[in-house]
Amino acid sequence: MRWFVAKIVYQIICGSGNHMPQFDEQLRLISAETKQEAAQKAREIGQQEQYTFRNQKQELVEWKFINVPELFTLDQLSDGMELYSRIEEPSDATAYVAWLQMKSAQLQEQRFIEIGN
């Protein structure tokens, strides 16, 4: 068996869909013999994990599977290897960096809480 990283993309549609488009890009680790088998497994995961639910406003929220646009073979695993890279172009760089710092602080806080317990 070989390891692959697949990007599975869902569109998030809330209510009638009259909102800024949202997409969830997930990176999934897939074990398969071939790249074709890995792609098929990733598509099956995408289809199986689409779902709908009602939010707090009782609006229907749908996670609609779009497709698997990227699939990478992991020939060998090594500590610190790059699994995925994406260039982000935010309209407000300062707000983006502040958001990243906040997320990092939350991660550190969670780690501290886990160690303390």
Side-chain angles (χ1 to χ4, degrees):
M1 288 297 232
R2 298 169 62 195
W3 289 103
F4 301 86
V5 174
K7 181 194 286 189
I8 299 174
V9 180
Y10 296 91
Q11 182 174 9
I12 304 166
I13 304 167
C14 184
S16 62
N18 293 331
H19 55 81
M20 180 176 289
Q22 289 183 310
F23 295 88
D24 181 34
E25 297 180 352
Q26 300 179 1
L27 298 182
R28 299 293 189 101
L29 191 58
I30 306 288
S31 175
E33 293 290 336
T34 66
K35 194 168 189 174
Q36 292 77 17
E37 181 187 346
Q40 180 59 34
K41 283 178 78 172
R43 283 190 295 275
E44 289 171 5
I45 290 168
Q47 291 168 348
Q48 291 169 2
E49 294 189 9
Q50 23 182 15
Y51 64 99
T52 59
F53 63 94
R54 296 226 174 252
N55 64 14
Q56 294 174 349
K57 298 177 184 177
Q58 294 306 306
E59 298 170 314
L60 192 64
V61 178
E62 178 183 9
W63 284 59
K64 179 182 174 186
F65 172 64
I66 301 300
N67 217 325
V68 178
E70 297 178 37
L71 183 68
F72 303 98
T73 306
L74 299 176
D75 292 319
Q76 87 179 39
L77 300 177
S78 61
D79 188 33
M81 73 181 283
E82 182 177 314
L83 294 180
Y84 181 76
S85 176
R86 177 178 166 207
I87 304 294
E88 188 70 38
E89 295 180 347
S91 58
D92 184 342
T94 302
Y96 179 70
V97 170
W99 177 78
L100 291 174
Q101 298 294 3
M102 179 197 65
K103 294 292 282 182
S104 179
Q106 289 173 345
L107 184 62
Q108 290 295 333
E109 185 176 306
Q110 288 174 354
R111 182 178 169 270
F112 179 75
I113 291 170
E114 288 172 4
I115 291 172
N117 288 332

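Computed from a predicted structure; not experimentally measured.
Put simply, the side chain of Gln48 does not reach to within 4.5 Å of the side chain of Arg43, judged on heavy atoms. The shortest side-chain heavy-atom distance between Arg2 and Thr73 falls under the 4.5 Å cut-off. In this structure the side chain of Lys7 never reaches within 4.5 angstrom of the side chain of Val68, judged on heavy atoms. Put simply, the side chain of Met81 reaches to within 4.5 Å of the side chain of Leu74, judged on heavy atoms. Looking only at side-chain heavy atoms (C-beta outward), Val5 and Leu71 stay at 4.5 Å or farther from each other. A heavy-atom distance below 4.5 Å is found between the side chains of Gln26 and Tyr10.
Tested against Ile30, the residues Glu37, Lys41, Lys35 include a single side chain to side chain contact (heavy atoms under 4.5 Å, CB included) partner, Lys41.
Smallest separation of non-hydrogen atoms from Trp3 and Ser31: CZ3-CB, 3.6 Å. Of all heavy-atom pairs between Ile8 and Gly46, the closest is CG2-CA, 3.9 Å. Contact record, Ala32 with Phe4: O-CE1, 3.6 Å, taken as the closest heavy-atom pair.
Counting only N and O atoms by type, the side chains of Ser16 and Asn18 include a donor and acceptor under 3.5 Å apart. Glu44 and Gln40 form a side-chain donor-acceptor contact under 3.5 Å, judged by distance and modelled atom types alone. Using modelled atom types, one finds no donor on one side chain facing an acceptor on the other under 3.5 Å when comparing Gln22 with Asp24.
Annotation: the span from Met1 atom CE to Thr34 atom OG1 amounts to 9.5 Å, rounded to 0.5 Å. Here CZ of Arg54 is found 9.5 Å from CD of Glu59. Values are rounded to the nearest 0.5 Å. Going from atom CH2 of Trp99 over to atom CG of Asp92 covers 13.5 Å, rounded to the nearest 0.5 Å. If you take CD on Glu62 and CD1 on Ile12, they are separated by 11.0 Å, rounding to the nearest 0.5 Å.
Looking at Asn67, its side chain never comes within 3.5 Å of a backbone N or O of Pro69 through a donor-acceptor pair. Remark: side-chain polar atoms of Gln50 are paired, donor with acceptor, to backbone N or O of Phe65 under 3.5 angstrom. In terms of modelled atom types and a separation under 3.5 Å, the side chain of His19 and the main chain of Cys14 share a donor-acceptor contact.
Grouping the Ile, Leu, Val, Met, Phe, Trp and Tyr side chains by contacts below 4.5 angstrom, directly or via other members, places Leu60 apart from Ile13. Hydrophobic clustering (side-chain heavy atoms under 4.5 Å, transitive across Ile, Leu, Val, Met, Phe, Trp, Tyr) groups Leu77 together with Phe72. Tyr51 and Ile45 fall within the same hydrophobic cluster, where Ile, Leu, Val, Met, Phe, Trp and Tyr residues are linked whenever their side-chain heavy atoms come under 4.5 Å apart, directly or through other members.
Scored by the side-chain contact (heavy atoms from CB on, under 4.5 Å) test, Glu88 finds Arg86, Pro90, Tyr96 as partners (sequence neighbours excluded).
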